[in-house]
Every structure is written in structure tokens, then in C-alpha cells.
Amino acid sequence: MHQEAGEPPAGVYRRHLESGRLGFQRCAGCGAAVFYPRVVCPVCGSADLTWETSSGRGIVYATTAVYRREGDPYSVVLVDLEEGFRMMSRVESAPAEEVEIGARVTLRVDHEGDEPIPVFVLRDEER
Ligand SMILES: [Zn+2]
């Protein structure tokens, strides 16, 4: 998927999600995986960023159960994707207390209204 002239990176990112994919950028200058999408590489400052699609497979780096007044707690996680970037998300397939550091997870795109939301499910429950 290509970035059209003048299109902000967040727009390209959203189009990836709308087609069920997690997009990230790779810096042609230093090779870094860049996420959240940007105009220039945060490592070396290059503006030569190309889009790639993540496998969606990752490992939970950190997890927190967030308790709310009503309903079950939900998990906020940091996931290290196998392409080498880290993102904040949540795990939807298991009780928050059961999400452990090191758990293998896979991306799933949910929708809240018109908004595509990247979440994760535990890999063992992958279908
Ligand atoms: Zn770079």
C-alpha cells in the first residue's frame, strides 16, 4: 500500500487497519521499524520511510489490568511485534488478570463504530 502525495501517515495507517492489516514504516536510511507512523525516522531523521505490513504476531512486553466501576477489568498491553516495533493495545480474548508477560499474541482488527481498532488475542486461540 502506497502513501499518496500529501497524505498524512496516520491516514495510510488507518487504511491498512480498514483492510484488516497492521501497517508500519521501515526507514530506508537506518533500517529501523517505525511505529506509530511518522513523517521522519525518529532514529536517524530520514524522511525516506516505506510502508510494510506486519505479520501481526508479537509477544506481550508489559501488561496491566485496568479496573472499572462496571464490567470486567480490561488489559492494557505493550506488544513487541516480530518486525521490531512496540505498540500499546489490549488483549481481548482472555481475562485481563490472565494476560502474562511473554504471552504470544496475534493482531485482530475490531471496530468501534466506524473506527478500526487494533487489538490482540492470545496466539493459542488463533483460528
Ligand atoms: Zn532511520
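The model shown is predicted, which means the values in this text are computed figures rather than measured ones. We count residues from 1, following the sequence as given. Just so you know, ligand 1 is whichever comes first in the structure, and atom 1 is the first atom listed for that ligand.
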Item to complete: Take the Zn ion (ligand 1) and tell me which protein N, O or S atoms are nearer than 2.8 Å.
Response: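 Near the Zn ion (ligand 1), below 2.8 Å, one finds C27 SG, C30 SG, C41 SG, C44 SG.
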Fill in: Listed once per pair and sorted, the side chain to side chain donor-acceptor pair (under 3.5 Å) pairs that draw on residues 74-90, sequence neighbours left out
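Every pair satisfying side chain to side chain donor-acceptor pair (under 3.5 Å) with a residue in residues 74-90: S54-E83, S55-E82, S55-E83, R57-E82, D80-R86, R90-E92, R90-E112.
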Test your reading of the model: is there a side-chain donor-acceptor pair from [X] to the backbone of [Y], 3.5 Å cut-off?
X    : Y    : value
Q25  : R38  : yes
R26  : G31  : yes
R123 : R104 : no

Worksheet item: To which residues is V40 joined in a hydrophobic cluster, defined by side-chain heavy-atom contacts under 4.5 Å among Ile, Leu, Val, Met, Phe, Trp and Tyr, whether direct or through other members?
Response: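 Members other than V40 - counting any ILVMFWY side chain reachable under 4.5 Å - are V39.
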Item to complete: With sequence neighbours left out, write down each residue that passes ring-ring contact (aromatic ring centres under 6.0 Å, His included) with Y36, or none if nothing qualifies.
Response: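 Partners of Y36 under the ring-ring contact (aromatic ring centres under 6.0 Å, His included) test: Y13.
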